[in-house]
Amino acid sequence: MSKIKRGRVIAVWLMIALIFGVILIVGRSLMPAKVVATLENYEPWETQVVEAFSQLPMQEGGRIKLFESWANQQMLSFSGKRKSKVSNGEGEEITVRPTEWMLDIHFRPELAKQFPSFRVENAEVLEMVGLDHKKARDYYSYNELEAKLDRISELKKELEELQKNPEIELNTVQKQALALSGNLAWFESYLSYFDFAKLRADNEKSGLAWSSIILTAPKIRAAINQRAPNAPLGREELLIGRLVQEASNAARYGWPVMPPTQEGQEAWETAGARLWEVFTTGKNDLVQTSKIFNQLEEIYLHRDASGEKLVPLIKAYHDTLNKEQTVAAKASNLSAEKSYLKGQWFYRALGYCFIPGTLLVVLSWLSPATRWSRVLNLVTWGLSGIGLILCVTGIILRMVITERPPVGNLFETIPFITAAIVLIALLMELMTRRGLAIGLAPIAGFAGLVLARLYELEEGGDSLEPLRAVLASNFWLTYHVLTITLGYAAGILAGFIGIAYLGNRHLGIAEDDPKILRSLTRMNYGVICFTLLLSLIGTILGGIWANDSWGRFWGWDPKENGALMIVLWNLIILHSRIGGAIKEWGFHMLSVAGMAVVVFSWWHVNMLGTGLHSYGFTEGAHIIWFFYGLIGLVLLLSSYAKMLEKK
Amino acid sequence: MTSFRSILSRTLQIFSGLKLATACFIVLFILTWLGTLEQVDHGLYQTTKKYFSSENFLVLPEINGKMIPLPLPSAYWVSVVLFINLLIGGVIRARKGWKKVGVLMSHCGMLFLLVGGFITHHFSERGNMQVWEGETSNVAKHYFNYVIEITELVAGEIKEIHVIDHEYLEVLKPDQHQFFKLEQLPFDLEVAGYQKNSVARQAINRAPRFGERIVDGFYLEQEDSELEAETNIAGCYARLVEKDSTKGELFILWGGSAYMQPKVQKTIQHGERTFLVDLVKERWVLPNKIKLNDMKAEFYPGTINPKTFESRVTRTQEGVSEDVLIKMNQPMRRDGFTYFQAQWGPQGSDGTGKLFSVFEIVKNPADQWPKYALYVSGVGLSIHFALMLGAFIMNQFKRRNV
């Protein structure tokens, strides 16, 4: 086997190993969990019921969103999954998605308690509370954890006490224990949420229900207020007080089902909070509140009924919510959110376009500059183009939902940067037509969207949350954030081109064409120039924004420093090249190292826990170190290969 | 003469060379990186002072609290060298021509930016002003600098304030005594045991652990500098010294005296005259009076995430008033001063009840210079890269046609 051919085979195998390694690591999140529990007689929810529930609007986290969105968030933060599978004991596997999972918790709590809802990342967490564990990392049901709930609660208090000490930082296991105890508390709140509707279920004949008791609240309050000062409460008063307290406590936290009915009030409330308010302050519209309670009770009473009966009840509640001003004003946002959730645009771009595209690119390396490779390139071009369209669609829908420019938080930088790299690579291919840039597009798309997926898993939460006051400026979000983010994209693309150059040079993937290395260098020079332009303008624009927000242009804040480092790095590359200190090989080596500088600025500074731009992303350090390691390895191997070349 | 010329020419060559520019970029890159990492342990203020101010010529970096024996020039001085290099090599001696106009423009923009940074570093002032709704203020307090104020009182009213400036205080070491001659006052002052961050403790509550001196039931306990240096509270011991060198009793001055009961400040009766001596953050009087009419704080519904906070103020100067809205990303710029919406309170408030607003006040002669630098260098780089891109595309086009 010639040197060139051997190099190609090595490159192909290395790349395949890397792709499958990443898929293997991330695959756990990309695919539903294997069957981890058997729930005897588990009946899946009817599709129309799930559909009706998933479209219900609610206000949570400061914005109007869909029930499905909220359920997604919750399932992700409990189990790190967006779907799971259970067996019904008769050999049938049933996929449970977030909405169905949330419906089980609210309406079939006994089944939900058996469902492996809780991901325990580290068995040490269970050892801390004296529970037997399965594998080092596994899923547990509420029932499995129930025996040690008291100990978990005690542990939570101990850890919260520890957290108050600014000199103590909880270790990973302690943080996971705290998160588990928090999830358990939320789970219990959801389990008991519809307890208020049981009053009606238990008294169907008499018609006693909170929806009707609410209408008598003013009389009850008046009776209590009319008693003599300091006179003890009577038996009936104590009883009603206890009942109100129990019902409102059971539904105090969780699904905000009640839109505001008070003048000037914007926040939605849970059923429990509203019940308490009705009996203590009397400021709410009782008729409207009673109507919603009635609709929720009806839903609860018919929870086991067929879809034909249940769906109209859900729709009746939906219609009531639609008439609310806060929901009506956000109708188009909710419609966009529905498309966003249904489309799973980033996921589809990854699975249908960038992964197959990457594999095709790798295959094309086996026989470069042949008709076979040209066909593969053409298909890759198409796949990357479709992937880009899917990605951009997802980004546009997010813009419609949030009513802001495409990048407003750290998550949003990922699909944006990914789309930008793919777009630039495709444009470069259009301009150069050498079959070089096209190879970068699916690889960048693959890497970027895998990162997006990992980020979602690590962070959970709502990535569509509204912006904080200091960021709430569409002007600056458009000009500064997009420019600096495009600078990141260009910097990463330069690194990819650098790797392509080093791979070609040392492994001889396309050495049949002698002009290829020069072409890569020209291409990279252009990309580095754009990285400098975008980073410099973005950094100065950021300074001008900071000058308007915080009263100083430059404050040596870590994020500012990171941006400056990208500018300086690119200045170093360009000036070293112009001054003759580096040649082609050095130029590409520095551009590969530049990727590490971009990653430091983009991600690492957020983990330092200091500065004004800290986004609180602290759990993904291992991914960053893996990335640095990978870059280090490329540089090391290339240096070794260069040494061999000299010999 | 020839040799002088050749030395001058060689020096000019070095100072205008690309190698020096590259070296400056490399050192600045390393300093910025280390200066970012070190903030985790030492906070922004200390790290910035160490790496980026003109006070140090050389710095010894630290990683994870461990000193690295690799002295590096501080960023300020590297920037000075870079400025010279850019001026001589990037502008004066650079090749001129329409193809280079973009590069020249960007170099000029960068020079302008560096000059702006220099002016900001040396001539800008920053402070903050807290005003409650319905109240008026024209006094800003410095974030870090402490001064000793000796206020003469007449019938309980302030007659005159004499100040010992922060630059004389912050150089003092805890074991150092410093005599301050006060020409306009009937006494002088001796300051000892100055600490940049300290706690004044009542000995009755907690006995001194390191033999600190107790004065009037109080003693000063030294603290490590806070990561957020603006929360440091300075303290010192002081005594009056009569003009005939007779020394008075020691007393404690502590920057946090306003928050302490009984207050750690000294009232001095000197003959018929009354003076109040206190250690306080440096204050400056502004040309504008600011009355806070309304402070509005809004959160996203059902959350504690701030949506907006803004202050409606009336600004009065020389009898002329105007109503202005100050909010995040929308400061008020008047007469060389800029007022930013920085904070609001009281802490824990849900935005209802009586509120106060904290404005950051900045006086920076180079306030808008970065914007101008951006225009110049942004246009310059765009021209340059557009020319390059055009040439590249034409080249590709020609090659394809061949």
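Note on naming: letters A, B, ... go to the chains in the order of the sequence lines (proteins, then strands), and numbering restarts at 1 for each one.
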**Request:** Tell me, for L113(B) versus chain A, whether the close heavy atoms (under 4.5 Å) come from the side chain, the backbone, both or neither.
**Result:** side chain

**Prompt:** Does the side chain of N329(B) come under 3.5 Å of the side chain of W476(A) through a donor N or O and an acceptor N or O?
**Reply:** no

**Item:** Portion of W554(A) that has a non-hydrogen atom of chain B nearer than 4.5 angstrom
**Value:** neither

**Message:** Can you tell me which portion of I26(B) sits under 4.5 Å from chain A's heavy atoms? Options are side chain, backbone, both or neither.
**Reply:** both

**Message:** Between L564(A) and chain B, with a heavy-atom cut-off of 4.5 Å, which part of the residue counts as in contact: side chain, backbone, both or neither?
**Reply:** side chain

**Request:** Give, as side chain, backbone, both or neither, the part of V567(A) having an atom under 4.5 angstrom from any heavy atom of chain B.
**Result:** neither

**Request:** Please test H384(B) against L533(A) for side chain to side chain contact (heavy atoms under 4.5 Å, CB included), starting from the C-alpha separation and ending with a verdict.
**Result:** CA-CA 10 Å; H384(B) 183 65; L533(A) 176 71; over 6 Å; no

**Asked** Does any heavy atom of chain B fall under 4.5 Å from the side chain of F475(A), the backbone, both, or neither of them?
**Response** neither

**Asked** Checking F25(B) against chain A: side chain, backbone, both or neither under 4.5 Å from a heavy atom?
**Response** both

**Asked** Ion pair present between D548(A) and R333(B), side-chain N to carboxylate O less than 4.0 angstrom?
**Response** yes

**Item:** Single hit among T338(B), N364(B), D367(B) for side-chain hydrogen bond (donor to acceptor under 3.5 Å, both in side chains) with N547(A)
**Value:** D367(B)

**Asked** Which atoms of W556(A) come close to chain B, meaning under 4.5 Å heavy atom to heavy atom: side chain ones, backbone ones, both, or neither?
**Response** both

**Fill in**
Value for OH (Y375(B)) from CD1 (I540(A)), rounded to nearest 0.5 Å, stands at 11.5 Å

**Request:** Give, as side chain, backbone, both or neither, the part of T47(B) having an atom under 4.5 angstrom from any heavy atom of chain A.
**Result:** neither

**Fill in**
When the 4.5 angstrom heavy-atom criterion is applied to I572(A) and chain B, the contacting part is both

